[in-house]
Number of protein chains: 2
Amino acid sequence: MRVATYNVNSIRLRLDSVLAWMARHKPDIVCVQETKVQDADFPEAPIRQAGYHVAFRGQKAYNGVAILSTTPPEDVRTGLDDGGPADETRLIRARFGEVTVVNTYVPQGREVDHEMFQYKLQWLRRLREYMDRHFSTRDPVIWAGDLNVAIQPMDVYNPEDRARHVCYHADARSALQYCLDWGFKDVFRAFHPEAGHYTFFDYRTADAMDRGWGWRIDYILASPPLTARARDAFIDVEPRRLPKASDHTYLVADFQ
Amino acid sequence: MRVATYNVNSIRLRLDSVLAWMARHKPDIVCVQETKVQDADFPEAPIRQAGYHVAFRGQKAYNGVAILSTTPPEDVRTGLDDGGPADETRLIRARFGEVTVVNTYVPQGREVDHEMFQYKLQWLRRLREYMDRHFSTRDPVIWAGDLNVAIQPMDVYNPEDRARHVCYHADARSALQYCLDWGFKDVFRAFHPEAGHYTFFDYRTADAMDRGWGWRIDYILASPPLTARARDAFIDVEPRRLPKASDHTYLVADFQ
DNA sequence: GGGAGGGCAG
DNA sequence: CTGCCCTCCC
């Protein structure tokens, strides 16, 4: 089973390149974030014509998540279900046979001093509780998406300078760690222990890719039964070099 | 001497196609309207690299006129100079040896009931006075541009239905006629007396070109000495079919 | 329908 | 820098 995650930064603008990438890499499941389209306008038909099922939840302009899959998704649910803001356009989950896939677009947080940073920390705490509430660590669960946090210093290009960045601040990292402590393992890191692997290169930093100024903030995380089945993982950086590319690129994990 | 006029609807967006068209058709002078760019951002360098001189006057978002030429423009002036609103981004004039070229983007008028329609009529009256003030009918003068008026019924696709259109209303046509009465002749019409020739196809009418639902509102007009030297004229409709085309297309006139 | 701008967000 | 939206204008 091949699983991929991609922050597409507009599914409408990049649909053709997504379908081309999928035709080439043949993933069974693709978690997509920042579709930036309300459900009425989601390009469902071309995705189905390409042979994929798709579940999605979006809004105008911001956020939006989708799961594309070769087999039909079961038990699709969106949003955090704890009575707080559901953020349905940031979390979508589906089951494929035994395996449950949770796809999230974690709030970025804007600035460390902004109220959205506290919202981000709270969101990650709520997500840990979501996992506690819905799953046991004996369940085969994949949590994938744009988590907007670099786990370790090696997941940022200049960690010394990033202490006050919302995606590297100690509070953000410990909030993410609290989620990982539920029982998730970072599949990519298990196969690639070395530094310098990134999934995101900011549009605003000139020549970010050539300079290697990236961030690893997109992940495929596996619960224990699936960690045991993980066979390989890689980041495909080529799509980031295409004209009109998303600022993120694809992360892929293969499971037995 | 080959003269062309083209409402480009953004010179920045269509610069490459304009330069390609010029390389192919080798005009000596091109009058451009709706450049939609302030002077600081006008793409002067690539035009000069293509071997053309250029005089321009524009603003952000709307209007904007330019004259491109193989020989350097002399005595460049912009705007109506009668003390009323000069509208410098709607009129530019230059001299090339003996020949003076006046390039205008006449106000469209919005709606017959809108104050801009009265402004349009007034603008055409002021333009006639401009010609009276600056030129004699013995001068070789070319007046070209987007005049936003169809001269005759045959210059609109469905004249019966257009009586209240700002580009065909009787008041607009007589205001334009007043300018023509200064002594200008419609060079294209002299060579093509038949109906069905248009320079503008509205983006909002679906398949306008295939249906032949156009307007002839762009003109190259000549004072008597130049009327005598006119040898041919044509509308090149192909650029209107290109992807991302302007809603207008090129009109060309050849003079001995 | 399709330019442009300004604002929001990352 | 690059998405989206909304408003303006034709």
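Letters go in sequence order (proteins before strands), and every chain restarts at 1.
With sequence neighbours excluded, the residues forming a side-chain contact (heavy atoms from CB on, under 4.5 Å) with A/F188 are A/D186, A/H192, A/H197, A/R216, A/A233, A/I235, A/L251, listed by chain and number. Take B/R189 and apply the salt bridge (Lys or Arg N to Asp or Glu O under 4.0 Å) test, not counting sequence neighbours, and it matches B/D155. With sequence neighbours excluded, the residues forming a side-chain contact (heavy atoms from CB on, under 4.5 Å) with A/R164 are A/V112, A/D113, listed by chain and number. Residues that satisfy the side chain to side chain donor-acceptor pair (under 3.5 Å) test with B/Q122, not counting sequence neighbours, are B/R125.
Between B/M209 atom CE and C/dG1 atom C1' there is a gap of 16 Å when expressed in whole angstrom units. Taking atom CZ of residue B/R240 and atom P of nucleotide C/dG1, one finds them 12 Å apart after rounding to whole Å.
Applying the 6.0 Å contact sphere to CD of A/Q177 captures more than 12 heavy atoms from other residues, nucleotides or ligands. Other residues, nucleotides and ligands contribute only 12 or fewer heavy atoms inside 6.0 Å of the CD atom of B/E111.
Aromatic rings from B/H25 and B/Y250 are positioned such that their centres are separated by 6.0 Å or more.
Once you apply a 4.0 Å limit to the heavy atoms of chain A, the touched nucleotides of DNA chain D run 5' to 3' over D/dC1 to D/dC6.
Checked for salt-bridge contact, B/K36 and B/D41 miss the test: no charged N lies under 4.0 Å from a carboxylate O.
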**Fill in**
Once base and sugar-phosphate atoms are separated, protein heavy atoms under 4.0 Å mark nucleotides 3-10 of chain C, 5' to 3', with B, S and - as BSSS-BSB
